[in-house]
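All remarks here apply to the structure that follows.
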Amino acid sequence: MASVLGESGAPKRALITGITGQDGIYLSELLLSKGYEVYGLLRGQNNPKAAMLEEVLPSVHVIAGDLLDMSSLMRAMTIAQPDEVYNLGAVSFVAYSWQNARLTTDVTAGGVLSMLESVRLYQEVSGKRVRFYQASSSEMFGKVQHVPQTESTLLWPRSPYGVAKVYGHYLTINYRESYDMHASSGILFNHESPRRGVEFVTRKVSRAVARISLGLQDTLTLGNIDAERDWGFAGDYVEAMYLMLQQDVADDYVIATGETHSISELLDVAFATVGIDDWKPYVQTDTALLRPAEVDQLIGDATKARNAFGWEPKVSFKDLVEMMVHNDLALQSRDAGHAAP
Ligand code: NDP
Ligand code: GDR
């Protein structure tokens with residue numbers, strides 16, 4: 001069991017970018033449960049998620065900062081004095097990355113450089129050794145060159161987001177090799193939860209299914225329902241992030257379930273959860289939601305993580321989808337002012 005005490009003998013301190021996102025919240029909860037002091041970077045002068053953060057994670061220390069502003073990151077390092085840094089902040093919606101390619105590049109790629117530089121300079125000045133986690137992605141595999149994908153599969157990204165993640169991935173490796181930094185990269189496949197943003201397909205489906213079942217919505221419009229993804233539960237995946245940084249030697253790891261399912265299968269399970277066996281009358285497709293270049297199928301092999309630190313997913317695809325639909329049923333019922341079925 002890893003110690004929760006840092007170099008100084010005091011509780012370990014973690015700095016998380018992207019703390020208001022799905023993974024940032026789960027990771028904060030995990031680290032707080034282990035006795036960490038958690039610091040989170042919050043962007044914007046009036047971020048609407050500040051109230052949510054205060055309610056869900058009142059003991060997190062919030063630091064104002066933005067991945068586009070390196071001076072704010074250096075300031076955050078000085079305030080947090082972290083033992084571990086988790087760089088989860090990004091423009092993370094793949095479809096949006098074609099419409100905002102420059103912003104995606106600046107935040108999702110450039111932000112990694114600014115964060116790594118801030119850590120490197122902080123280490124030099126403080127003499128403290130910091131462990132760094134980079135949120136790499138299965139989107140880097142894109143037009144997949146090998147099935148299943150492992151840490152050594154050739155990267156072939158298919159979106160501005162994927163290209164930005166490739167930059168961050170290789171830069172993390174480069175800082176490890178150039179400066180002997182304890183910098184690890186987790187190549188995480190899709191992971192979902194009731195906290196998933198509504199722009200992503202799993203949550204879009206779970207929310208729409210809940211609303212259809214409650215009579216609040218008639219149909220759901222999707223893009224490519226033949227795409228296949230290796231979907232896991234975000235709560236399981238943040239455990240892997242933490243475990244990576246507890247290893248003596250930094251490295252890169254694929255985190256995945258090893259199963260792939262199509263959007264059609266997602267629809268099967270989601271609609272069955274509310275007792276609808278034939279979803280076709282409720283689902284439309286629109287070519288406007290197709291992407292300029294699609295990632296057709298992803299399936300990961302997490303053998304390296306299992307062998308190194310015993311990581312395995314605990315929540316199945318079916319349980320995950322059911323969990324999300326039940327959560328949306330409760331939320332939608334509450335908002336509509338009637339009891340959940
Ligand atoms: P989310 O989209 O839920 O969260 C993204 C976070 O990044 C938010 O907290 C957002 O802040 C923050 N952010 C955006 N722009 C900036 C900026 N300029 N400066 C500082 N912070 C910023 O993502 P997830 O939690 O799902 O994912 C976490 C990380 O893991 C991301 O890097 C993502 O690309 C990566 N990833 C995710 C996978 C998944 O399946 N979830 C799989 C593989 C990788 P705000 O709330 O203020 O907008
Ligand atoms: P993804 O997730 O692009 O894999 O990126 P998303 O849920 O957006 O798409 C998954 C697949 O579903 C298809 N799809 C739709 N997607 C959305 N969002 N909306 C639709 O209406 C729709 N219809 C079909 C998509 O074309 C795609 O094939 C997520 C993000 O969390 C990234 O940040 C992360 O790096 C990767 O997962 C791993």
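Counting convention: from 1, in listed order, for ligands and their atoms alike. Here the structure is a predicted model, which is why all the values come from computation and not from measurement.
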- Heavy-atom distance to atom 33 (O) of ligand 2: which of Ser92, Ala90, Ala227, Ser262 wins? Ser92
- Query: Has ligand 2 got any nitrogen or oxygen that is less than 3.5 angstrom from a nitrogen or oxygen of Lys204?
  - Reply: yes
- Nearest to atom 37 (O) of ligand 2, what protein heavy atom do you find, and at what distance? Asn190 ND2, 3.1 Å
- So does Asp252 pair up with Lys304, basic N to acidic O under 4.0 Å? no
- Ring center gap for Tyr26 and Phe233 short of 6.0 angstrom: yes
- Please confirm whether the backbone N or O of His191 pairs with a side-chain atom of Gln22, one donor and one acceptor, at under 3.5 Å? yes
- Message: Checking a contact table here: which protein heavy atom is nearest atom 11 (O) of ligand 1, and how many Å away?
- Response: Thr20 OG1, 3.2 Å
- Where is the nearest protein heavy atom to atom 38 (C) of ligand 1: which residue, which atom, and how far? His191 CE1, 3.2 Å
- Ala90 N/O to ligand 1 N/O under 3.5 Å: yes
- Query: Within 45 degrees of the axis of the six-membered ring of Phe200 and under 6.0 Å from its centre: does Arg203 put its NZ or CZ there?
  - Reply: no
- Message: Test your reading of the model: is there a side-chain donor-acceptor pair from Thr108 to the backbone of Val91, 3.5 Å cut-off?
- Response: yes
- Task: Check ligand 2 against Phe93 and write out every atom of the ligand that is under 4.0 Å from a heavy-atom position of the residue.
- Result: 8 (O), 18 (N)
- Message: Within ligand 2, which atoms have a heavy atom of Val94 less than 4.0 Å away?
- Response: 3 (O), 5 (O)
- Message: Could you identify the single nearest non-hydrogen protein atom to atom 23 (N) of ligand 2 and state the distance to 0.1 Å?
- Response: Gly223 N, 2.8 Å
- Item | Protein residue, atom and distance nearest to atom 43 (C) of ligand 1, heavy-atom basis | Leu188 O, 3.1 Å
- Using a strict 4.0 Å threshold on nitrogen-to-oxygen distance, state whether Asp106 and Arg102 make a salt bridge. yes
- Item | Note: Glu192-Arg229 ion pair, threshold 4.0 Å (strictly below) | no
- Message: Geometry only, no angles: is Phe200 polar-contacting ligand 1 at N/O separations under 3.5 Å?
- Response: no
- Is the count of non-hydrogen atoms from other residues, nucleotides or ligands lying under 6.0 Å from Glu55 atom CD greater than 12? no
- for atom 27 (O) of ligand 1, nearest protein heavy atom and its distance come out as Asp23 OD2, 3.7 Å
- Among all protein heavy atoms, pick the one closest to atom 34 (O) of ligand 1 and tell me residue, atom and distance. Tyr161 OH, 2.6 Å
- For ligand 1, the portion of Ser136 having any non-hydrogen atom under 4.0 Å away: backbone
- Decide whether an N or O pair under 3.5 Å exists between Gln22 and ligand 1. yes
- Item | From the candidates Glu199, Glu192, Arg196, Met52, the one that places a heavy atom nearest atom 41 (N) of ligand 1 | Arg196
- Message: I'd like to know if the side chain of Glu239 reaches the main chain of Asp236, judged simply by a donor and an acceptor atom lying under 3.5 Å from each other, with no hydrogens or angles considered.
- Response: no
- Query: Measuring from the heavy atoms of Asn190, does anything fall under 4.0 Å of ligand 1?
  - Reply: yes
- Item | Protein heavy-atom partner closest to atom 2 (O) of ligand 1 - residue, atom, separation in Å | Ser92 OG, 2.6 Å
- Query: Would you say ligand 1 has an N or O under 3.5 Å from any N or O of Val107?
  - Reply: no
- Under 4.0 Å to a heavy atom of Tyr161 - the qualifying atoms of ligand 2, by number: 32 (C), 33 (O), 34 (C), 35 (O)
- Looking only at N/O atoms, are Asn87 and ligand 1 under 3.5 Å apart anywhere? no
- Item | Side chain Asn100, main chain Leu103, donor-acceptor under 3.5 Å | no
- Task: Tell me which protein heavy atom sits closest to atom 6 (C) of ligand 1, plus the residue, atom name and distance to 0.1 Å.
- Result: Gly18 CA, 3.6 Å
- Measure from atom 10 (C) of ligand 2 to every heavy atom in Thr202, Leu222, Val201, Leu266 and give the option owning the shortest one. Val201
- So is Glu139 close enough to ligand 1, meaning a heavy atom under 4.0 angstrom away? no
- Looking at atom 26 (O) of ligand 2, what's its closest protein heavy atom, distance included? Glu294 OE2, 2.6 Å
- Task: Check whether any heavy atom of Ser138 sits under 4.0 Å from an atom of ligand 2.
- Result: yes
- Select the closest option to atom 13 (C) of ligand 2 among Leu289, Leu220, Asn224, judged by heavy-atom distance. Asn224
- Task: May I ask you to check whether Leu188 has an N/O atom sitting below 3.5 Å from an N/O atom of ligand 2?
- Result: no
- Report yes or no: does Ile263 have a heavy atom closer than 4.0 Å to ligand 2? yes
- Item | Per-residue contact class, Lys49 against ligand 1 - non-hydrogen pairs under 4.0 Å | side chain
- Query: How does Arg43 reach ligand 1, by side chain, by backbone, by both or by neither, if only non-hydrogen atoms under 4.0 Å count?
  - Reply: side chain
- Report, as yes or no, whether the 6.0 Å neighbourhood of atom CH2 on Trp98 holds more than 12 heavy atoms from other residues, nucleotides or ligands. yes
- Determine whether the side chain, the backbone, both or neither of Leu42 has a heavy atom under 4.0 Å from any heavy atom of ligand 1. neither
- Query: Counting only heavy atoms not in Asp278, do more than 12 sit closer than 6.0 Å to its CG atom?
  - Reply: yes
- Should Glu199 be counted as touching ligand 2, given the test is an N or O pair under 3.5 Å? yes
- Task: Only heavy atoms count here, so choose which of Arg229, Gln297, Arg196, Arg291 is nearest to atom 6 (P) of ligand 2.
- Result: Arg291
- Message: I'd like to check which ligand 2 atoms, numbered from 1 as shown, lie under 4.0 Å from a non-hydrogen atom of Ser137.
- Response: 34 (C), 35 (O), 36 (C), 38 (C)
- Task: Using the six-membered ring wherever Trp is involved, compare the ring planes of Phe271 and Tyr282 and label them parallel, tilted or perpendicular (cut-offs 30° and 60°).
- Result: parallel
- When you measure from atom 19 (N) of ligand 1 to every protein heavy atom, which one gives the shortest distance, and what is it? Leu67 N, 2.9 Å
- Compute the ring centroids of Tyr86 and Phe132, then answer whether they are less than 6.0 Å apart. no
